[in-house]
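Working notes for the structure below.
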Amino acid sequence: MTNRVVLAYSGGLDTSVAIPYLSKMTGGEVVAVSLDLGQGGEDMESVRQRALDCGAVESIVIDAKDEFAEEYCLPTIKANGMYMKQYPLVSAISRPLIVKHLVQAAKEHGGTHVSHGCTGKGNDQVRFEVGFMDLDPNLEIIAPARDYAWTRDKAIEFAEENNVPIEQSAASPFSIDQNVWGRAIETGFLEDLWNPPTKDLYAYTEDPALGNAPDEVIITFKSGKPVAIDGRPVTMLEAIEELNRRGGAQGVGRLDMVEDRLVGIKSREIYEAPGAIILITAHEAMEDVTIERELARYKRGIDARWSEEVYDGLWFGPLKRSLDAFIESTQEHVTGDIRLVLHAGKVTVNGRRSGSSLYDFNLATYDTGDTFDQTAAKGFVQLHGLSSKIANKRDREAGDN
């Protein structure tokens with residue numbers, strides 16, 4: 001039986017060189033699979049043709065933009081998905097979708113192996129390989145950049161020696177991953193934590209200091225899903241794309257953070273994700289209005305755990321599935337409008353309305369019409385603090401400070 005390696009193909013240097021390299025290593029054929037996740041830039045037909053020019057026997061391009069938006073970005077919004085309270089899981093949520101399509105391609109094209117271009121230092125190797133093991137443990141996994149110490153210099157040298165057509169020059173020091181949910185940049189001079197990011201790093205966002213006039217936007221939610229912008233119905237993909245454009249013009253969604261990677265090292269990452277930050281900010285504001293206090297408190301912990309599971313490559317794991325079910329159950333009443341102002345790199349919520357609101361004006365007001373029974377508060381405060389009062393009395397009598 002001839003080996004067939006199904007490769008997650010991006011069109012860049014590493015995966016282009018991987019095609020002839022994998023063919024030599026396995027003595028088999030390579031099927032390249034590329035996904036359009038709204039990353040923009042190069043035409044996907046050019047990517048498809050480059051894979052063939054590099055020696056792939058099949059080159060498959062899949063338009064997965066709507067699938068990505070509906071089945072991966074939307075759950076991230078409902079979970080307010082932010083790793084370390086900052087990173088909106090730009091790369092983490094795209095990997096399980098790529099895995100899904102690679103496994104499907106392996107079934108359709110007789111694949112015996114699957115391969116990716118990740119190194120041994122990053123999180124993506126885990127996301128790919130755990131996903132492969134979850135969906136089809138019979139597939140063998142090859143990771144050239146990790147398993148064969150495949151450096152950038154070696155890749156360029158191999159390309160030149162084997163006449164592999166590559167367009168990516170050795171001059172670019174950055175590793176960049178992008179999709180419609182955002183853009184991630186690392187390595188190069190960013191590895192010195194004292195170096196500030198330069199303006200040429202950014203592609204999705206304008207400089208927040210440009211002084212563009214504020215942009216007011218109203219986002220309508222139905223059961224946790226954004227369904228309209230400024231009263232105009234939108235698909236999930238359209239919502240992200242429009243808010244990327246409008247938020248990007250205001251410099252919204254830039255992030256410079258030191259991230260705790262799964263493998264145990266810290267990594268400096270630059271992100272820009274205007275649409276993601278706007279939608280999560282709006283969704284959190286809608287939840288504040290429509291979700292009961294105890295449920296909201298508990299969900300914040302679940303949201304953080306969900307984000308960790310996804311970051312750690314466990315999208316298909318049983319805990320993540322159960323967390324999904326809990327999160328979905330909380331979204332029934334997350335319906336209404338949130339008004340925000342986008343300006344100078346910031347997202348500011350300044351209006352909320354919902355037919356499912358738990359905000360009661362007559363209970364909240366301090367003016368005429370107040371229906372809150374303040375006489376009930378005295379006993380409540382005494383009971384609420386009773387256990388703490390007793391413990392402190394004991395400690396004082398024992399001479400504790």
Side-chain angles (χ1 to χ4, degrees), residues 75-89 219 221 223-224 255 257-260 277-312 318-341 346-401:
T76 305
I77 294 169
K78 290 181 177 181
N80 302 310
M82 301 277 265
Y83 180 66
M84 295 175 64
K85 300 182 180 180
Q86 298 178 76
Y87 164 51
L89 303 168
I219 302 174
F221 289 89
S223 299
L255 177 63
M257 68 180 287
V258 175
E259 187 175 296
D260 287 326
I277 296 300
I278 294 166
L279 285 165
I280 290 173
T281 300
H283 180 261
E284 287 181 319
M286 194 79 267
E287 286 192 332
D288 289 344
V289 174
T290 57
I291 293 185
E292 181 270 337
R293 186 189 75 154
E294 293 303 314
L295 180 57
R297 279 182 169 182
Y298 194 78
K299 183 176 184 290
R300 282 191 282 274
I302 295 298
D303 288 347
R305 192 71 187 91
W306 187 95
S307 300
E308 290 166 352
E309 287 287 292
V310 172
Y311 184 88
D312 291 351
L319 175 56
K320 193 294 201 146
R321 287 199 303 271
S322 294
L323 296 179
D324 280 336
F326 169 80
I327 290 167
E328 190 60 37
S329 75
T330 68
Q331 298 300 291
E332 179 183 359
H333 300 296
V334 184
T335 297
D337 299 318
I338 295 294
R339 189 178 62 227
L340 316 96
V341 175
K346 295 182 180 180
V347 183
T348 305
V349 176
N350 71 0
R352 310 144 178 92
R353 63 187 176 195
S354 171
S356 299
S357 174
L358 296 177
Y359 176 84
D360 186 325
F361 175 85
N362 292 323
L363 287 174
T365 185
Y366 286 87
D367 294 331
T368 303
D370 181 3
T371 60
F372 183 78
D373 181 4
Q374 298 202 38
T375 62
K378 181 176 181 180
F380 166 76
V381 173
Q382 290 176 338
L383 291 176
H384 179 69
L386 183 59
S387 64
S388 178
K389 173 185 173 183
I390 293 170
N392 276 285
K393 180 175 180 292
R394 177 202 62 193
D395 295 344
R396 280 195 303 274
E397 290 173 351
D400 293 346
N401 183 9

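Just so you know, these numbers come straight off a predicted model, no measurement behind them. Residue indices begin at 1 and follow the sequence shown.
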Exercise for the section: Output the distance between atom CZ (Arg339) and atom CD1 (Ile219), rounded to the nearest 0.5 Å. Expected result: 12.5 Å
Exercise for the section: Evaluate the side-chain proximity of Gln382 to Leu386: yes if any heavy-atom separation is below 4.5 Å, no if none is. Expected result: no
Handout entry: From CA spacing to verdict: side-chain contact (heavy atoms from CB on, under 4.5 Å), Ile277, Leu255
Key = CA-CA 10 Å; Ile277 296 300; Leu255 177 63; over 6 Å; no
Handout entry: Enclosure of Phe361 CZ (heavy-atom neighbours >12, cutoff 6.0 Å)
Key = no
Fill in the blank from the handout: What one should report as the nearest heavy-atom pair of Ile327 and Ala79 is CD1-CB, 3.6 Å
Handout entry: Rounded distance (nearest 0.5 Å) linking atom OG of Ser307 with atom CD of Gln86
Key = 12.0 Å
Exercise for the section: Classify the angle between the aromatic ring planes of Tyr87 and Tyr83 as parallel (below 30°), tilted (30 to 60°) or perpendicular (above 60°). Expected result: perpendicular
Handout entry: salt bridge (Lys or Arg N to Asp or Glu O under 4.0 Å) between Glu308 and Arg305, worked out
Key = CA-CA 5 Å; Glu308 290 166 352; Arg305 192 71 187 91; 3.4 Å; yes
Completion exercise
The reported gap from OG1 in Thr330 to CG in Asp303 (rounded to nearest 0.5 angstrom) is 7.5 Å
Exercise for the section: Taking the side chain as every heavy atom from C-beta outward, state whether Thr76 and Val310 have any atom pair closer than 4.5 Å. Expected result: no
Exercise for the section: Kindly indicate whether the side chain of Thr290, heavy atoms from C-beta on, has any atom under 4.5 Å from the side chain of Thr335. Expected result: no
Handout entry: Where Asn350 and Leu340 come nearest, the two heavy atoms and their spacing
Key = OD1-N, 4.2 Å
Fill in the blank from the handout: Closest heavy-atom pair, Glu259 versus Tyr311, reported as atoms and distance to 0.1 Å, is OE2-OH, 2.5 Å
Fill in the blank from the handout: Heavy atoms of Met84 and Asp260 approach each other most closely as SD-N, 3.3 Å
Handout entry: Test item: side-chain donor near acceptor, Asn80 and Trp306, under 3.5 Å
Key = no
Completion exercise
The residue among Arg300, Lys299, Arg352, Arg297 that forms salt bridge (charged side-chain N to carboxylate O under 4.0 Å, His left out) with Glu287 is Lys299
Problem - Nearest heavy-atom neighbours spanning Leu89 and Met82 - result: CD1-N, 4.4 Å
Exercise for the section: Step through the shown structure and confirm whether more than 12 heavy atoms of other residues, nucleotides or ligands are within 6.0 Å of CZ on Phe326. Expected result: yes
Completion exercise
Given the options Gln331, His283, Glu328, Lys78 meets side-chain hydrogen bond (donor to acceptor under 3.5 Å, both in side chains) only with Glu328
Handout entry: Heavy-atom closest pair, residues Ser354 and Val289
Key = CB-CG1, 4.4 Å
Handout entry: Distance in Å, Ser322 OG paired with Ile302 CD1, rounded so as to fall on 0.5 Å steps
Key = 10.0 Å
Exercise for the section: Give, for atom CD1 of Ile278 and atom CD1 of Ile77, the distance between the pair rounded to the nearest 0.5 Å. Expected result: 11.0 Å
Problem - Side chains of Arg394 and Ile390 in contact at under 4.5 Å (non-hydrogen atoms) - result: no
